[in-house]
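Residue numbering restarts at 1 for every chain, and letters A, B, ... go by the order of the sequence lines. This is a predicted model, so every value here is computed, not measured.
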2 protein chains.
Amino acid sequence: MKAGILTAGNEILLGKTLNGNLGFIGQFLAENGFSVNENITVKDEEDEMVYALKELWQHNDIVISTGGLGPTDDDITKNAIARFFGKKLIFKEEISDIVKNRFKKLNKPAPDCNKSQAEVPEGFDWLPNNYGTAPGLYFFSGNKTFVALPGVPIEMQHLLVEEVMPRLKQNYKTQKIFISELHTIEKSESEIAEILQNTLIPSGVNLAFLPQTGRVTLRIYGNSKENCLKLIEEIEKLIGNYIWGRDEDTLPGRLHSVLINYKLTVSVAESCTGGLIQSMLSSLPGASAYFKGGITVYSNEMKEKLLNVSSAVLDKCGAVSKKTAYEMCNGLQSLMKTDLAGAVTGIAGPDGGTEEKPVGTVHICVKYMNNILHKKFLFSGNREMIRLKSAERMLLMYLKILEKSLKENTLDIIK
Amino acid sequence: MKAGILTAGNEILLGKTLNGNLGFIGQFLAENGFSVNENITVKDEEDEMVYALKELWQHNDIVISTGGLGPTDDDITKNAIARFFGKKLIFKEEISDIVKNRFKKLNKPAPDCNKSQAEVPEGFDWLPNNYGTAPGLYFFSGNKTFVALPGVPIEMQHLLVEEVMPRLKQNYKTQKIFISELHTIEKSESEIAEILQNTLIPSGVNLAFLPQTGRVTLRIYGNSKENCLKLIEEIEKLIGNYIWGRDEDTLPGRLHSVLINYKLTVSVAESCTGGLIQSMLSSLPGASAYFKGGITVYSNEMKEKLLNVSSAVLDKCGAVSKKTAYEMCNGLQSLMKTDLAGAVTGIAGPDGGTEEKPVGTVHICVKYMNNILHKKFLFSGNREMIRLKSAERMLLMYLKILEKSLKENTLDIIK
């Protein structure tokens with residue numbers, strides 16, 4: 001089952017943006033047993049779109065286009081589709097009503113140019129877009145499928161997952177590839193490769209290393225689920241200590257589940273990460289159940305004033321030190337009265353490093369009841385990378401101290 | 001002068017990596033007056049490559065392929081090229097010597113598989129690669145150019161800049177494209193389109209709408225810089241109030257410049273954005289010069305305790321209200337003693353909305369000296385979008401109040 005992707009992509013061809021939509025579609029289709037065979041990116045021009053449509057329709061079973069469905073003049077995908085398939089564009093009252101309602105909710109009149117959004121090529125289905133005004137288009141004929149999706153990533157993803165995939169699964173038999181991912185931290189790609197070098201990869205199984213910022217994900221995939229699971233078991237024996245999650249797990253998501261389950265609250269005091277950890281802790285729906293608050297204290301003055309860090313410690317050990325991290329964490333817990341508290345202080349750079357404390361030096365401290373855990377890190381990379389690595393390590397340390405407490409039975413299951 | 005780019009891209013089609021090489025080539029060619037017309041990405045298979053080569057060679061004056069020139073088995077570009085152009089592969093002693101010397105310098109023997117690197121299709125030139133073992137390939141015939149470059153970014157970039165561009169400039173007359181972008185906020189794509197609908201687009205000028213999350217960027221580009229600037233002037237007359245930046249401008253970057261220039265400090269109190277604004281304010285190197293700190297106050301308790309919001313206001317008006325935003329902002333400025341203070345409170349959803357205050361209701365308040373600015377918003381989208389829109393609006397409101405103060409001369413230029 002071959003799929004071809006058509007991208008309306010002035011932006012991409014000018015090098016102004018990367019084709020992230022192709023990335024999402026490629027991965028999502030592969031996970032669901034479909035294979036993306038080729039991608040053609042052309043200018044947002046009707047002739048170019050028609051040419052690319054012709055090529056893709058000829059060589060593939062499924063063609064998915066992204067972009068060019070918006071209300072303005074430069075959105076020409078719909079015209080190209082109508083022309084290539086030889087269909088008239090039909091005005092659909094029900095789409096128009098949805099668009100009008102959307103504007104009404106925002107107390108705005110629906111602009112005239114949104115009318116074109118309500119047009120659908122004859123014989124095509126339209127797919128409701130919950131995140132924008134442009135519906136998707138769907139056409140199934142002679143065992144071939146054509147789908148047109150908007151270019152805004154969130155709208156495209158939502159339509160692909162909710163509307164398109166169920167239809168594709170109905171129309172085509174796929175051989176599902178079994179895919180599983182193990183998320184590791186602490187060890188580099190080459191260190192993990194070395195540990196795993198004598199591991200036998202069963203036939204029909206692939207092992208891919210996907211380096212992330214500051215950590216590595218292992219992807220195990222293949223036709224034989226059984227053989228994949230064998231390999232996973234093998235890997236877990238060897239590097240289980242460095243695995244913090246699987247598949248769709250994210251660090252904020254893992255922490256979210258534990259905090260909700262055990263009805264615990266959390267707070268954070270940040271220096272070098274400057275709000276990044278707060279933003280992760282508050283990212284998931286329902287976060288207000290556990291995230292009581294956070295503070296960014298960039299200046300020493302604020303560290304003293306808000307978190308009660310002693311000026312003696314700041315003078316003697318410096319803002320980036322184990323003792324300051326400790327005092328920040330203690331001060332925060334007193335202030336916020338949360339079950340779990342954490343503090344991070346470090347040098348994200350590019351300036352501010354010294355020989356003794358180079359850029360990338362980061363102290364993280366987490367506290368749960370009377371348990372306290374401190375770690376010093378030396379992260380490589382630029383400012384953005386050091387901040388991200390620090391934030392992720394903080395979330396991991398929250399998890400670690402809870403796990404430890406759970407094992408020691410000091411955690412009250414129901415408060 | 002049309003250019004087509006061929007990408008050998010298993011990884012890209014599986015969604016494991018983005019086509020960064022296309023981004024570099026697209027931008028570099030545009031800057032030098034060449035226009036990338038289309039990109040085809042196919043699997044690393046000879047048949048697929050030949051098919052794509054045929055398509056691209058037919059439709060373009062210049063075809064550039066990336067990837068598949070390495071020494072390992074899956075690098076099949078050279079065979080596909082030889083087959084498509086009907087040329088034999090000729091072994092070149094001088095390339096082989098270069099490769100051998102490279103390994104000699106590393107005190108390693110040249111692996112056998114590197115021999116294939118010394119093969120060049122008959123009649124093709126080869127381009128010396130200073131960063132790797134795979135030379136580029138160059139072929140000029142009947143006013144058409146074919147170029148094959150390795151896929152490793154640094155090697156590809158070096159060959160394109162040093163070897164390919166001088167040859168292209170020799171063979172073709174180019175006309176540089178002028179590109180400028182105007183970043184707008186507050187109006188939707190269709191609203192802006194409606195305002196601009198009677199604007200005449202001068203000949204040779206293109207106007208593209210690039211919708212972002214919660215705002216729109218306009219790109220004006222074309223061969224005639226003069227005509228582009230005319231259109232920009234026209235647009236500025238009509239929607240100048242909604243334009244906050246140009247070209248490479250970002251909201252954190254704009255604010256960064258102003259705060260550094262005027263030696264001002266800033267702080268923020270966040271509710272629904274939960275740290276996102278702090279993380280934007282601290283994102284740029286040098287942020288510690290102006291960002292004194294920030295606070296996330298999710299609970300009413302913390303709003304009272306840390307920011308001195310009165311329980312009467314919280315009881316009467318609720319946490320998401322103009323008065324609470326005011327009091328948060330005032331409390332923050334007293335606490336942090338920054339020149340500029342801001343507070344945001346709202347409902348990011350998906351839960352917590354009511355008929356009176358639906359999900360997306362957000363109050364933002366900023367304060368500079370005695371100037372205070374409040375706005376109520378109703379944002380659409382999911383939690384992530386509402387948070388992002390709120391955060392960006394906050395940065396914009398910081399800019400707005402400073403601009404206002406600058407105009408009223410209440411801003412001390414040097415403190």
Side chain, backbone, both or neither of [X] within contact of chain B (heavy atoms, under 4.5 Å):
| X | result |
| --- | --- |
| S267(A) | neither |
| F24(A) | neither |
| L14(A) | both |
| L306(A) | side chain |
| E270(A) | neither |
| D351(A) | neither |
| Y51(A) | side chain |
| F34(A) | neither |
| A348(A) | neither |

Keeping [X] on the side-chain end and [Y] on the backbone end, is there a donor-acceptor pair under 3.5 Å?
| X | Y | result |
| --- | --- | --- |
| K305(A) | L335(B) | yes |
| S279(A) | L276(B) | no |
| K16(A) | G26(B) | no |

Would you call [X] and [Y] a side-chain contact if the rule is heavy atoms closer than 4.5 Å?
| X | Y | result |
| --- | --- | --- |
| M336(B) | M302(A) | yes |
| Q117(A) | S190(B) | no |
| K43(B) | E38(A) | no |
| N19(A) | N19(B) | no |

Looking at [options], which makes the most heavy-atom pairs under 4.5 Å with chain A?
| options | result |
| --- | --- |
| E45(B), E384(B), E55(B) | E55(B) |
| H59(B), E31(B), M280(B), E48(B) | H59(B) |
| G15(B), S299(B), S282(B) | S282(B) |
| S288(B), G352(B), C272(B), P358(B) | S288(B) |
| G381(B), G293(B), G275(B) | G275(B) |

Count the heavy atoms of every other residue, nucleotide or ligand shown that sit under 6.0 Å from CD of Q58(A), and state whether that count exceeds 12.
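Buried by this count: over 12 neighbours within 6.0 Å.
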Is any side-chain N of the basic residue among K292(A) and E301(B) closer than 4.0 Å to the acidic one's carboxylate O?
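Salt bridge present between K292(A) and E301(B).
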Does a side-chain N-to-carboxylate-O contact under 4.0 Å join R219(B) and E11(A)?
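So R219(B) pairs with E11(A) through a salt bridge.
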Checking heavy atoms, do the side chain of [X], its backbone, both or neither come under 4.5 Å from chain A?
| X | value |
| --- | --- |
| I25(B) | neither |
| I295(B) | both |
| T7(B) | neither |
| K2(B) | side chain |
| F28(B) | neither |
| N206(B) | neither |

Top contributor to chain B interface from [options] [non-hydrogen pairs under 4.5 Å]:
| options | answer |
| --- | --- |
| G23(A), P285(A), A30(A) | P285(A) |
| G9(A), G132(A), S283(A), G286(A) | S283(A) |
| I5(A), V42(A), N37(A), L22(A) | N37(A) |

Evaluate L281(B) against Y298(A) for side chain to side chain contact (heavy atoms under 4.5 Å, CB included), listing each step before the verdict.
CA-CA 11 Å; L281(B) 288 174; Y298(A) 249 36; over 6 Å; no
A287(B) and R383(A): which non-hydrogen atoms are nearest, and at how many Å?
CB-NH2, 4.0 Å
